[in-house]
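What follows is a short report on a single structure.
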Amino acid sequence: MRPEDILLPTPAGLCCRLGGFHIDPTQPVDKAVITHGHSDHARAGHGAVLATRETLDLMRLRYGENFAGSTQAVRYGETVKLDGAAVTFHPAGHVLGSAQVEVIANGLRIVASGDYKNVADPTCAPFECVACDVFITEATFGLPVFRHGDPQAEIAKLLHSVALFPERAHLVGAYSLGKTQRVIALIRAAGYDKPIYLHGAMERITRYYETRGIDFGRVELVRGANKAQLAGTITLCPPATLRELWSRRFRDPVTCFASGWMRVRARARQHLVELPLVISDHADWDGLTATIAATGASEVWVTHGQEEALVHWSVTHGLRARPLDIVGYGDEDETNGLTDGPDTAS
Ligand SMILES: [Zn+2]
Ligand SMILES: [Zn+2]
């Protein structure tokens with residue numbers, strides 16, 4: 001049996017006919033297995049949805065109670081039988097609740113990793129490497145130029161700037177699910193204990209993380225604070241608002257942006273970012289290649305991002321490899337460069 005007989009790339013996403021489900025479908029389907037809550041992977045309108053409890057909760061926060069016909073929460077390590085396939089979720093280390101989906105059918109083991117990173121993140125369970133025959137990987141930062149470095153060193157740059165310019169507000173552009181919460185946790189880990197301010201678009205998701213036991217210290221909304229109060233503070237906001245009217249409530253702000261794309265100077269300049277912070281929730285080049293090798297997979301399928309370089313790397317390392325060309329990923333988070341998710345407008 002070929003791997004394509006178990007998971008077939010279709011216009012709606014990866015389809016498992018034997019199990020009667022799709023993984024991260026981009027169009028409405030009867031049964032969806034969802035890796036994580038970013039809106040390009042987790043869409044509303046499916047019949048049944050299987051995901052971790054956190055992913056289901058995040059979908060509910062975004063889309064409302066009736067985002068799916070029915071839901072089933074699956075724990076990490078739990079195996080669910082879906083007709084001719086066995087499905088197990090493993091932590092992906094990307095955002096809270098993110099999972100890799102291991103599919104076993106007819107003795108063949110395929111892991112669809114969704115989005116992932118193999119570095120520590122205090123706001124989600126650590127990435128777990130799963131041995132498999134076929135590994136399906138993203139390639140958001142799939143070029144050797146992308147090496148993210150130490151996130152705590154980036155936070156040190158931010159705090160140094162705050163100390164250097166005590167009158168200026170620091171505005172940190174960050175995506176609302178995952179990046180925002182990780183940046184707050186990193187700032188706290190660096191010992192900063194003053195209140196941290198939030199744009200309203202990040203409030204619900206951040207409060208949800210707190211209900212799952214993650215402590216952010218004092219987090220307050222910008223709404224209601226005046227210019228004088230915001231002087232010298234740190235505020236997290238959706239990247240697009242850095243250039244909007246909204247940011248005028250801050251006096252002489254230092255604009256920062258936390259993203260893996262900040263490795264590219266031209267990107268930072270183009271978006272008028274004064275202080276780029278290279279912090280990503282995706283694996284960098286070394287992370288992608290090390291993970292592929294560690295899975296022991298003999299075949300690699302590459303989804304969204306910089307597929308070509310990763311396919312080339314795999315082939316030169318004796319693996320079979322192909323790009324998947326599924327349209328529809330990359331509308332949220334860093335996958336698409338610098339756009340915002342749909343819930344970042346308020
Ligand atoms: Zn994602
Ligand atoms: Zn993605």
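Atoms within each ligand, like the ligands themselves, are counted from 1 in listed order.
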- Message: Between Glu274 and Arg168, does any NZ, NE, NH1 or NH2 come within less than 4.0 Å of an OD or OE carboxylate oxygen?
- Response: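 Looking at Glu274 together with Arg168, the answer is yes, because their closest N to O distance falls below 4.0 Å.
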
- Message: Counting only heavy atoms from other residues, nucleotides and ligands, does the tally under 6.0 Å from CZ of Arg75 exceed 12?
- Response: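 Atom CZ in Arg75 is not crowded, with 12 or fewer foreign heavy atoms closer than 6.0 Å.
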
- Message: Can you confirm whether Arg188 is buried at CZ, in the sense that more than 12 heavy atoms of other residues, nucleotides or ligands lie under 6.0 Å from that atom?
- Response: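 Counting neighbours around CZ of Arg188, more than 12 heavy atoms of other residues, nucleotides or ligands fall under 6.0 Å, so yes.
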
- Message: Any N/O/S atom, side chain or main chain, of His304 closer to the Zn ion (ligand 2) than 2.8 Å?
- Response: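 It does: His304 brings an N, O or S atom closer than 2.8 Å to the Zn ion (ligand 2).
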
- Query: How about His36: does one of its N, O or S atoms come closer than 2.8 Å to the Zn ion (ligand 1)?
  - Reply: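 Checking His36: at least one N, O or S atom is under 2.8 Å.
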
- Task: Compute the angle centred on the Zn ion (ligand 2) spanning OD2 of Asp115 and NE2 of His41, and express it rounded to 10 degrees.
- Result: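 Computed angle, vertex at the Zn ion (ligand 2), rounded to 10 degrees: 90°.
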
- Item | Atom of His38 nearest the Zn ion (ligand 1) (restricted to N/O/S, atom name only) |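 The Zn ion (ligand 1) is closest to the His38 atom ND1, counting only N, O or S.
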
- So, His38 side chain and Leu177 main chain: donor-acceptor pair closer than 3.5 Å or not?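 Yes: the side chain of His38 pairs with the backbone of Leu177.
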
